[in-house]
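The block underneath contains the structure these notes are about, expressed in structure tokens.
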Amino acid sequence: MVVPDFVIDTLARCLLPQMHSYFASEEGQAAFEEWKRQQETQ
């Protein structure tokens with residue numbers, strides 16, 4: 001399946017601000033720290 005670039009760009013423009021807000025939050029920071037710990041054990 002080929003996805004046109006404009007569809008990917010549009011999706012990224014919608015999702016990026018939400019992702020940034022989540023990872024800037026306390027909950028997002030905790031999730032990231034947990035992910036890093038999991039990566040160290042693999």
Side-chain angles (χ1 to χ4, degrees):
M1 177 161 121
V2 177
V3 179
D5 286 343
F6 79 91
V7 173
I8 295 170
D9 290 343
T10 302
L11 185 59
R13 289 178 192 272
C14 292
L15 293 178
L16 190 59
Q18 295 298 321
M19 291 171 61
H20 179 74
S21 294
Y22 172 73
F23 285 110
S25 72
E26 197 171 301
E27 179 185 4
Q29 291 292 315
F32 180 62
E33 291 300 324
E34 177 61 26
W35 176 83
K36 286 193 323 188
R37 277 192 293 278
Q38 290 174 357
Q39 297 304 306
E40 290 173 355
T41 61
Q42 293 179 355

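Numbers here simply count residues along the sequence, with the first being 1.
The side chain to side chain contact (heavy atoms under 4.5 Å, CB included) check on L15 picks up L11, M19, with sequence neighbours excluded. With sequence neighbours left out, F23 forms a ring pair (Phe, Tyr, Trp, His ring centres under 6.0 Å) with no residue at all. Residues forming a side chain to side chain contact (heavy atoms under 4.5 Å, CB included) with Q18 (at least two apart in sequence, or on another chain): none. With sequence neighbours excluded, no residue satisfies side chain to side chain contact (heavy atoms under 4.5 Å, CB included) with P17.
Heavy-atom contacts from other residues, nucleotides or ligands closer than 6.0 Å to CG of D9 number more than 12.
Under a 4.5 Å side-chain heavy-atom criterion applied to ILVMFWY residues, the cluster that includes I8 comprises M1, V3, F6, V7 as well.
Screening residues 24-42 for side-chain hydrogen bond (donor to acceptor under 3.5 Å, both in side chains) gives E33-K36, E34-R37, E34-Q38 as the qualifying pairs, with residues at least two apart or on separate chains.
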